[in-house]
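What you see is a predicted model; the values in this text were computed from it and never measured. Note on naming: letters A, B, ... go to the chains in the order of the sequence lines (proteins, then strands), and numbering restarts at 1 for each one.
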Protein chains: 2
Amino acid sequence: MLHDPAQLDLMFQALADPARRQMVDRLSRGPASVSQLAEPLAMSLSAVVQHLNLLEASGLVRTQKVGRVRTCQIEPKALRAAEHWINERRLVWERRLDRLGDFLAETKDKS
Amino acid sequence: MLHDPAQLDLMFQALADPARRQMVDRLSRGPASVSQLAEPLAMSLSAVVQHLNLLEASGLVRTQKVGRVRTCQIEPKALRAAEHWINERRLVWERRLDRLGDFLAETKDKS
DNA sequence: TTGACACTGAAGCATTTACTTAACTATTGC
DNA sequence: GCAATAGTTAAGTAAATGCTTCAGTGTCAA
């Protein structure tokens, strides 16, 4: 379910926005309420809630409401999925380059 | 220069689109021309060029034109930068959880 | 040199995004 | 109870995005 392309789509889209990345950054240092998340951002609380909803839909952030405060925290599994996608592609490419290097070295030896 | 926030912004934004991720995926398996990139995509060549320009501006893809064909390839350094951003945040969070776990285990011992 | 090929660029258009404000609900502390 | 707090929801809007089509520009091959 974590490698579901639709979910991956939501995650990368969520990470595409600077404000949302700032929120993720803040949350990486520990849980926070909606207002705490909003504090450093130059936008209305409402806008922050909308960003937060996206982050939650993407699976990157999990929240729970106790009383009137909603506490947010990072979901490292989701982060790992995005990380994994990138890593995979990079490795495929780099292995390719290695093989190419080996091939060139070999043909050079034989010349 | 790779951790320049503006560049990071462009990279995540570039990765947010499914078509562009598909292009990166294709390129991870080896270089390709614009038409080759376009082939599996259900959109005009022109649209593909526009996506490609974004990918190039983000630093994720490098291209060079020889004669009339533009050959594209992945820039693994850029991929690594995006990967690194995510990894960093995830690790900070997970280290936090570990410390919290240690703390809880300790206080439990003392009870 | 002529026609096909591989793009490129500009203009236009529909949709989505990132906000805003304003009105509202549910908790909490006094 | 009542005001302040914390968040939610809806509606509206301006700008950005992801396309399209069409009219090019070079390059190559016969």
Side-chain angles (χ1 to χ4, degrees), chain A residues 5-27 30-75 82, chain B residues 5-27 30-75 82:
Chain A
Q7 196 70 11
L8 211 57
D9 228 70
L10 289 175
M11 283 193 288
F12 276 113
Q13 201 151 63
L15 289 173
D17 187 89
R20 286 192 294 264
R21 276 209 312 285
Q22 206 178 323
M23 291 166 75
V24 168
D25 187 42
R26 165 64 187 80
L27 288 176
S33 69
V34 177
S35 330
Q36 284 174 327
L37 277 182
E39 199 259 326
L41 298 171
M43 66 181 72
S44 73
L45 187 64
S46 184
V48 171
V49 170
Q50 289 171 60
H51 281 305
L52 184 56
N53 289 340
L54 251 178
L55 282 170
E56 197 168 15
S58 80
L60 285 167
V61 165
R62 202 153 34 91
T63 78
Q64 56 185 337
K65 198 156 183 175
V66 176
R68 61 185 165 176
V69 359
R70 181 159 154 213
T71 306
C72 316
Q73 51 176 254
I74 274 194
E75 185 55 73
Chain B
Q7 197 69 10
L8 211 56
D9 229 69
L10 289 175
M11 282 192 288
F12 277 113
Q13 200 150 59
L15 289 173
D17 187 87
R20 284 192 295 264
R21 277 209 310 287
Q22 205 178 324
M23 291 167 75
V24 168
D25 188 41
R26 167 64 188 81
L27 288 177
S33 70
V34 176
S35 330
Q36 284 174 326
L37 277 182
E39 198 260 326
L41 298 172
M43 66 180 72
S44 72
L45 187 63
S46 186
V48 172
V49 170
Q50 291 171 59
H51 281 305
L52 184 56
N53 289 340
L54 251 177
L55 283 170
E56 196 168 16
S58 79
L60 285 166
V61 165
R62 202 153 31 93
T63 79
Q64 55 186 338
K65 197 155 185 176
V66 176
R68 60 184 166 178
V69 358
R70 179 158 155 213
T71 305
C72 317
Q73 51 175 256
I74 275 195
E75 186 54 72

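- Side-chain proximity of B:Ser33 to the nucleotides C:dT20, D:dT20, C:dC7 is greatest for C:dC7.
- Rounded to an integer number of Å, the gap from CD of B:Gln22 to P of D:dG18 is 15 Å.
- Between D:dT20, D:dC19, D:dT8, one nucleotide has an atom nearer to the side chain of A:Val34 than all others, and that is D:dT8.
- The distance from atom CE of A:Met43 to atom P of D:dA15 is 17 Å, rounded to the nearest whole Å.
- Distance from the side chain of B:Arg68 is smallest to C:dC5 among C:dC19, C:dC5, D:dT20.
- A:Arg21 places a side-chain heavy atom less than 4.5 Å from the side chain of B:Asp9.
- The distance from atom CZ of A:Arg70 to atom C1' of C:dT27 is 16 Å, rounded to the nearest whole Å.
- Comment: A:Arg26 does not engage A:Glu39 in a salt bridge, judged by the lack of any side-chain N to carboxylate O separation of less than 4.0 angstrom.
- Between A:Val48 and A:Ala38 the shortest heavy-atom distance is CG2-CB, 3.6 Å.
- In this structure, A:Lys65 atom NZ and D:dT5 atom C1' are separated by 11 Å, rounded to whole Å.
- Taking atom CG of residue A:Asp9 and atom P of nucleotide D:dT17, one finds them 16 Å apart after rounding to whole Å.
- Side-chain N/O atoms of A:Ser44 include one lying less than 4.0 angstrom from OP1 or OP2 on C:dT20.
- Distance CD (B:Gln13) to C1' (D:dT17): 9 Å, rounded to an integer number of Å.
- For B:His51, counting side-chain heavy atoms from C-beta on, the closest listed nucleotide (D:dG18, C:dC19, C:dC7) is D:dG18.
- When the P atom of D:dG18 is taken as reference, atom CG of B:Leu54 falls 7 Å away, rounded to whole Å.
- With rounding to whole Å, B:Asn53 atom CG is found 7 Å from C:dG9 atom P.
- Under the 4.5 Å side-chain criterion, counting only non-hydrogen atoms from C-beta, A:Gln22 is in contact with A:Leu41.
- Residue B:Gln50 places a side-chain atom within donor-acceptor reach of the base of D:dT20, judged by atom type and a 3.5 Å distance cut-off alone.
- Comparing A:Ala19 and B:Ser46 by the nucleotide of DNA chain C whose heavy atom lies nearest to each, the residue mapping closer to the 5' end is B:Ser46.
- Contact of the A:Gln73 side chain with the A:Val61 side chain is not registered, since no non-hydrogen atoms from C-beta on lie closer than 4.5 Å.
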